[in-house]
Each structure stands twice: as C-alpha cells, then as structure tokens.
Amino acid sequence: MVAALKPYFSSKQYWFSEYNTGRPHEADFLREIQGTGLHGLHTLSHIMSGIQYSSNIKVMFYHSLLNVNGSGWGERGMVWLDSFTSTMPKNNGVSQLFAHINHLANTSSHMHGVDLKGGPTVPHGSINVLANLSCVQAVGFSSGIPESDLTYVVINRCGETVSVNLKLIAKFRVGKIVMYDCSDVKNNKWTVMPSSKETFPWPNPVQSTVKSMS
C-alpha cells in the first residue's frame, strides 16, 4: 500500500491505527486464524512493512495487546490475563512471534528492509492483495558494525515452498536458523508464558525447529 501511495504522497508520514481489526473483506479471514501462527505471520508482515518503509511509516498501533478473560475488544489480543490482578500471563501464536521480532529490534541498533527480486507472488483470492506482491518478505537486524552480527527475518506468505538467496557475511559462518511452522490454523491455544522470556524461540503454541548453520 505504501508503495502505491508514494508516487502521490512521497513526503508524507503514515500512521497505521488498529491494523489488526481487519477491514470488512479481511474480518472473516482474521476470525478464522485468530491467535494462530498464521495470525502471527499476518502481524509480522505489517511490522516488516513498517520497517521496509520506515521513511514514511512512523507509527503503528496493534489492536489490541491485552485480553482479560475474553472480555471486550480483547478478543484479538496477543496476551491473556485471567483477571486484571493475574500474575501468570498467557501467550498465543501472535505474541510468540511478536516477542521474537521485538527482541531482535530491542537488541539491535539498525533494522532495514531486504529487497528480494523475483520469485512467486501472492495469488489473488478471497483477500484483496496488491498485484505482484512477493510470497517472501524479509527484513534485517544488525548492530551497525561492518562484518558484525546480522539477523534476517524471512516469512513466506504463500502456501508453497519458496527458495530464497540471502547475502551472508562470509566471515561469520556459524549461526543458527529458527523455523516456525505456522501451517496449523487450528492451533490457537493460550499457553503460559515461559519463565525465561528473553530466551527464544518460545516453546508454544507454534512449533519451531532450531538448526545450526555453517
């Protein structure tokens, strides 16, 4: 959307308010995937677009953060409390992925979009999408020091396997890959947040695999 607006309002700032509520044609889609890993990918795609177009997008409001025993607008919240005095918050698939990218942002000094050329595009279906919207979306996080740490966040917005070539720094050949399986659209369970909230990936509800890279 930002790419479509830039030719007309190139110098304007964009504020996205309550982007998780869903416009009419998205509402059914969000209800079907609510709280799942796929809902988490939907949220990450918004955040990553904000990073990619940070020169224009200055503010983004997620609606809504908190769900207190299922009341009010909290039905789409990413954190569950049994009551306002509860000391055991619960997370779902949205907060699980959100927490991970939030950790990367808070521990990095630089973040930027990654322009991936070519590859398949998101098919038109029940949800309106822009023409030629790539299946793969990616952003990078780093300390800003040349040849230092670099983390990519890559999501696949399509239902097919997609190959991606990312430029890695040859000096650092050892690392890890964290892969989340967001294909289970029925797994919208609330699970108690892990005691070590700064250790990733969180174990539930979205299943993940960690592999060494060399």
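Numbers for residues simply follow the sequence, beginning at 1.
- For the atom pair I101 CD1 and I155 CD1, the distance stands at 8.0 Å (nearest 0.5 Å).
- Of all non-hydrogen atoms in Y152 and G140, the two that sit nearest each other are CD2-CA, 4.3 Å.
- For T209, the side-chain contact (heavy atoms from CB on, under 4.5 Å) partners two or more places apart in sequence, or in a different chain, are M179, K211.
- Hydrophobic clustering (ILVMFWY, side-chain heavy atoms < 4.5 Å, transitive): M88 and M193 are in distinct clusters.
- Within the 4.5 Å cutoff, the side chain of P201 has heavy atoms near those of the V210 side chain.
- The aromatic rings of F200 and H100 lie parallel to each other, with less than 30° between the two planes, well short of the 60° mark.
- We find the NE2-CD1 distance between H42 and I47 to be 10.5 Å, quoted to the nearest 0.5 Å.
- Cluster annotation: L65 and V94 are assigned to the same hydrophobic cluster (Ile/Leu/Val/Met/Phe/Trp/Tyr, side-chain heavy-atom contacts under 4.5 Å, transitive).
- Judged by distance alone, with hydrogens and angles left aside, the side-chain atoms of S45 form no donor-acceptor pair with the main-chain N or O of L41 at under 3.5 Å.
- To the nearest 0.5 Å, the span separating CD1 on I33 from CG on N188 amounts to 11.0 Å.
- Taken from CG in D184 to NZ in K189, the straight-line distance is 8.5 Å, to the nearest 0.5 Å.
- Contact record, L97 with G40: CD2-C, 4.0 Å, taken as the closest heavy-atom pair.
- For the residue pair P120 and V162, the shortest heavy atom distance occurs at CG-CG2, 3.8 Å.
- Going from atom CG of D115 over to atom OG of S134 covers 9.0 Å, rounded to the nearest 0.5 Å.
- Using modelled atom types, one side-chain atom of S109 and one backbone atom of S143 make a donor-acceptor pair closer than 3.5 Å.
- Under a 3.5 Å cut-off, the side chain of N102 and the backbone N or O of N106 do not form any donor-acceptor pair.
- For the pair R157 (side chain) and Q137 (backbone), a donor-acceptor distance under 3.5 Å is absent.
- Nearest heavy atom pair, residue W202 against residue S196, reads NE1-O, 4.4 Å.
- Atom NZ of K197 sits in a crowded spot, with more than 12 heavy atoms from other residues, nucleotides or ligands closer than 6.0 Å.
- In this view, H110 satisfies the ring-ring contact (aromatic ring centres under 6.0 Å, His included) rule with no residue, not counting sequence neighbours.
- Side-chain contact between N67 and L81: absent, with no pair of heavy atoms (C-beta onward) separated by less than 4.5 Å.
- Under the rule for a side-chain contact (heavy atoms from CB on, under 4.5 Å), the partners of S95 that lie at least two apart in sequence or sit in another chain are M78, N91, N92.
- With contacts defined as side-chain heavy-atom distances shorter than 4.5 Å, the pair T121/L133 does not qualify.
- Residue pairs that meet the salt bridge (charged side-chain N to carboxylate O under 4.0 Å, His left out) test with at least one member in residues 85-110, sequence neighbours left out, are D82-K90.
- The two residues V122 and C158 come nearest to each other via the heavy atoms CA-SG, 3.7 Å.
- Across Q207 and N204, no two heavy atoms sit closer than the pair NE2-OD1, 3.4 Å.
- For D181, there are no salt bridge (charged side-chain N to carboxylate O under 4.0 Å, His left out) partners at least two apart in sequence or on another chain.
- When atom types are taken as modelled, the side chain of Q34 and the backbone of H39 share no donor-acceptor pair closer than 3.5 angstrom.
- Residues satisfying the side-chain contact (heavy atoms from CB on, under 4.5 Å) test with M111, not counting sequence neighbours, are I51, A105, F141.
- The shortest distance between side-chain heavy atoms of V153 and L104 falls below 4.5 Å.
- Taken from CD in E32 to CG in L38, the straight-line distance is 10.0 Å, to the nearest 0.5 Å.
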